[in-house]
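Structure record follows, encoded as structure tokens.
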Amino acid sequence: MSQITAPYAAAPAEPIFKQELVWQWPIRLFHWLNALAFVVLFLTGLYISDPIFSPAGEAYGNQTMGYVRMTHFIAAAVFTVGFFWRICWFWLGNRYARSGFPYVWRARWWRNLVRQTWDYLRLDFGHVHMGHNALAGLAYTLVPVIGGWVMILTGLALFGQSNPDGFWDSLCGWVIPMLGGGLRTHMWHHLVAWLFLVFAIVHVYIVVLDGTQQRNGLISSMISGRKFYPADEKPGSHDED
Amino acid sequence: MADSLLSSPGLTTYDILSRHGVSRRDFLSFCAITAASLGLEAQQVPAVVEALETKPRLPVIWLHGLECTCCSESFIRSSHPIAQDVVLNMISLDYDDTLQAAAGHQVEQIRKDLIEQAKRGETEYVLAVEGNAPTKDGGVYCTVAGETFLDVLRETAEHAKFVIAWGSCACNGCVQAAAPNPTGARPVHECITGKPIVKVPGCPPIAEVMTGVLTYVLTFGRLPELDRVGRPKMFYKQRLHDKCLRRSFFDAGQFVESWDDDGARKGWCLYKMGCRGPTTYNSCATFKWNGGVSWPIGSGHGCIGCSEENFWDDGPFYSRLAKTPLPGIEATPQKVGIALTAAAGVGIAAHLAALAIKRGRAAATENKAKEA
């Protein structure tokens with residue numbers, strides 16, 4: 001106890017860390033709506049693919065599958081609107097809204113990707129980035145973005161199946177013959193949903209681990225939008241380099 | 001009778017019917033029934049009457065390739081209109097090696113003559129194809145009258161007015177095109193080019209759907225309105241699921257869990273037993289089978305989706321989801337997903353353990369350094 005002196009005795013005259021707004025409010029709103037939509041979509045999707053409850057009584061007194069499907073469709077609408085909102089924000093947002101994006105034609109992105117991967121393999125954490133590092137950017141592009149396109153297109157195509165010539169079928173119905181029929185479209189929709197779950201687990205793990213190890217406000221940044229950086233550095237000086 | 005029919009080109013359906021003593025009144029009611037079976041409005045009946053009165057009957061060449069003849073078997077069981085009417089009165093079925101009386105060289109001569117006449121512009125004909133063509137090794141796996149079926153098909157299609165693809169074989173490839181497709185069987189639209197094709201999938205298609213399509217093209221001389229993959233909308237516009245008599249149980253969440261459980265006895269939804277109704281477009285729920293007696297879901301068995309592409313490979317029939325197409329993985333996406341999730345959990349645990357070991361070692365080295 002006698003050791004408690006220096007750090008708590010007095011605040012340093014100059015701050016050691018400064019903070020910057022990294023995630024603007026549209027990004028944070030999108031993130032949490034997206035997370036909520038994902039949880040709802042995954043759970044309702046599990047039920048739809050393998051319905052486990054069997055309500056008693058007559059069919060006219062129950063609407064279990066009907067309500068679960070309706071919930072799935074509402075969450076899907078939230079997911080889809082959020083998805084395109086986030087894509088718009090890629091251009092409308094600050095520099096961090098584009099961070100980590102696979103600019104495969106830029107050598108800097110590749111260097112960042114190799115270094116970050118190498119650091120993780122050595123059980124290290126790499127440089128502190130304000131936005132996403134290249135590896136994170138690649139993961140986000142592969143699962144929520146490309147996977148999101150797959151889910152939205154297959155989902156709307158299957159949604160439109162009940163009304164051929166309707167709006168959704170005209171928009172997305174071409175997906176079904178392309179994938180070799182309705183059943184295969186269901187299969188892809190289902191398989192990619194599991195990729196989202198795997199992504200979510202790894203995402204939460206890395207955020208908690210990185211956030212607690214680097215103590216730069218990574219976890220709280222998705223609420224406050226702010227992250228910390230050493231006062232003697234320029235903010236985001238390690239981003240994409 | 002057959003003699004007078006075959007030797008009377010240019011006659012209309014009404015000519016033929018009146019020659020056989022069918023009254024005007026019966027003819028008109030026949031037209032009304034035909035219009036109804038095509039899903040036409042009442043105002044369209046005069047169009048049917050006019051067409052059957054004025055248009056010469058179209059000759060039809062009905063080819064059989066790599067197939068099981070279940071389409072023909074289905075067709076001859078049509079009750080609205082009955083196949084006899086279609087074959088003897090409405091169309092001039094000039095070539096069909098299964099149904100016709102002639103045999104051997106005579107038969108092939110009829111086909112070649114008709115092609116020659118069409119080439120000279122003297123007549124038109126419709127090509128109906130049952131089955132498909134194996135394409136591997138020059139098409140030797142199906143030969144008709146000494147020629148490969150691929151050649152017969154291309155030769156006959158070249159001068160046809162349009163092509164009717166009967167059944168899943170002709171439309172999608174069906175069982176003989178199932179992986180690994182040893183004979184290279186290809187559906188009709190992949191064997192010929194530049195001809196309008198109407199696809200009538202099903203294994204077999206419903207009899208009334210077949211005669212309905214034939215009646216439509218012969219009545220109006222053109223193909224009916226087709227959907228995205230080339231099926232006539234009037235028969236393939238709705239999923240079985242959306243017209244299913246068990247649909248209310250689906251929405252209620254009441255499902256048959258095994259073939260002899262209480263739900264099965266109560267007629268609950270067959271979704272969990274692998275029913276393909278939610279992805280299958282056909283008229284089974286409307287026309288039913290065997291003149292409206294019953295249909296698979298009506299008699300307690302799920303739909304196997306026989307009118308849908310790849311139904312033969314997307315097994316098993318009694319499981320809800322198709323297997324993943326990943327090489328070497330024979331599992332549903334659910335199993336693959338659970339395995340991936342478990343792998344992620346194991347990976348995270350391993351990573352944490354490795355971190356702890358690394359930290360422990362670092363701390364140990366530090367302590368040693370301090371002690372020294």
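Quantities reported herein were computed from a predicted structural model and do not represent experimental measurements. Labels below follow one simple rule: chain letters A, B, ... track the order of the sequence lines, proteins then strands, and each chain is numbered from 1.
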>> Taking side chain as everything from C-beta outward and backbone as N, CA, C, O, which of these in Tyr47(A) sits under 4.5 Å from a heavy atom of chain B? Side chain, backbone, both or neither.
In response: side chain
> For the side chain of Gln161(A) and the backbone of Tyr281(B), is there at least one donor-acceptor N/O pair under 3.5 Å apart?
Replying inline: no
> Which pair of non-hydrogen atoms, one from Val198(A) and one from Ala344(B), has the smallest distance, and what is that distance?
Replying inline: CG1-CB, 4.0 Å
> Which of the residues Ala56(A), Gly57(A), Gly180(A) is involved in the greatest number of heavy-atom pairs with chain B at under 4.5 angstrom?
Replying inline: Gly180(A)
> Between Ile206(A) and chain B, which part of the residue has a heavy atom less than 4.5 Å away: side chain, backbone, both or neither?
Replying inline: neither
> Run the side-chain contact (heavy atoms from CB on, under 4.5 Å) check on Asp251(B) and Asn62(A) step by step: do they pass?
Replying inline: CA-CA 8 Å; Asp251(B) 290 328; Asn62(A) 293 290; over 6 Å; no
> Which answer fits Thr185(A), side chain, backbone, both or neither, if we ask what part of it has an atom under 4.5 Å from a heavy atom of chain B?
Replying inline: neither
> If you measure from CG on Asp169(A) to CZ on Arg228(B), what distance do you get to the nearest 0.5 Å?
Replying inline: 4.5 Å
> Where do Trp268(B) and Pro55(A) come nearest, in terms of heavy atoms and distance?
Replying inline: CH2-O, 4.4 Å
>> Counting only non-hydrogen atoms closer than 4.5 Å, does Ile48(A) touch chain B with its backbone (N, CA, C, O), its side chain (CB onward), both, or neither?
In response: both
> Considering only heavy atoms, which portion of Leu195(A) lies under 4.5 Å from any heavy atom of chain B: side chain, backbone, both, or neither?
Replying inline: side chain
> Do His351(B) and Tyr120(A) make the cut of ring centroids closer than 6.0 angstrom?
Replying inline: no
>> Is Tyr271(B) in contact with chain A via its backbone, its side chain, both, or neither, using a 4.5 Å heavy-atom distance?
In response: side chain
>> Leu183(A) and side chain to side chain contact (heavy atoms under 4.5 Å, CB included): which single residue from Arg320(B), Glu309(B), Glu308(B) fits?
In response: Arg320(B)
>> I'd like to verify something: which residue of Val202(A), Leu191(A), Ile176(A), Ile201(A) has the highest number of heavy-atom pairs under 4.5 Å with chain B?
In response: Leu191(A)
> Nearest heavy-atom pair of Ser162(A) and Asp242(B): which atoms, and what distance?
Replying inline: CA-OD2, 3.3 Å
> When rounded to the nearest 0.5 angstrom, what distance separates CZ in Phe249(B) from OH in Tyr60(A)?
Replying inline: 11.0 Å
> Tell me, side chain or backbone of Ala193(A) under 4.5 Å from chain B's heavy atoms, or both, or neither?
Replying inline: neither
> Where is the tightest heavy-atom contact between Pro333(B) and Met187(A), given as atom of each residue plus distance?
Replying inline: CG-CG, 3.8 Å
> What part of Leu197(A) is in contact with chain B, defined as an atom under 4.5 angstrom from a non-hydrogen atom: side chain, backbone, both or neither?
Replying inline: side chain
> Is there side-chain contact between Thr341(B) and Trp194(A), with heavy atoms separated by less than 4.5 Å?
Replying inline: yes
> After noting the C-alpha distance and the side-chain angles of Lys272(B) and Asp50(A), does the key distance pass the salt bridge (charged side-chain N to carboxylate O under 4.0 Å, His left out) rule?
Replying inline: CA-CA 7 Å; Lys272(B) 287 183 86 171; Asp50(A) 190 8; 3.8 Å; yes
>> Rounded at 0.5 Å granularity, tell me how far CG in Asn310(B) sits from CZ in Arg184(A).
In response: 3.5 Å
> Quick one: CD on Glu58(A) to OG on Ser248(B), what's the gap to the nearest 0.5 Å?
Replying inline: 9.5 Å
> Which atoms of Asn163(A) come close to chain B, meaning under 4.5 Å heavy atom to heavy atom: side chain ones, backbone ones, both, or neither?
Replying inline: neither
>> I need the minimum non-hydrogen distance between Thr64(A) and Gly253(B), along with the two atoms involved.
In response: CB-CA, 4.4 Å
>> To check you understand the geometry: which heavy-atom pair defines the closest contact between Arg247(B) and Arg69(A), and what is its length?
In response: NH2-NH1, 3.6 Å
> Under a 4.5 Å heavy-atom cutoff, which of Pro164(A), Gly182(A), Ala59(A) has the most pairs with chain B?
Replying inline: Ala59(A)
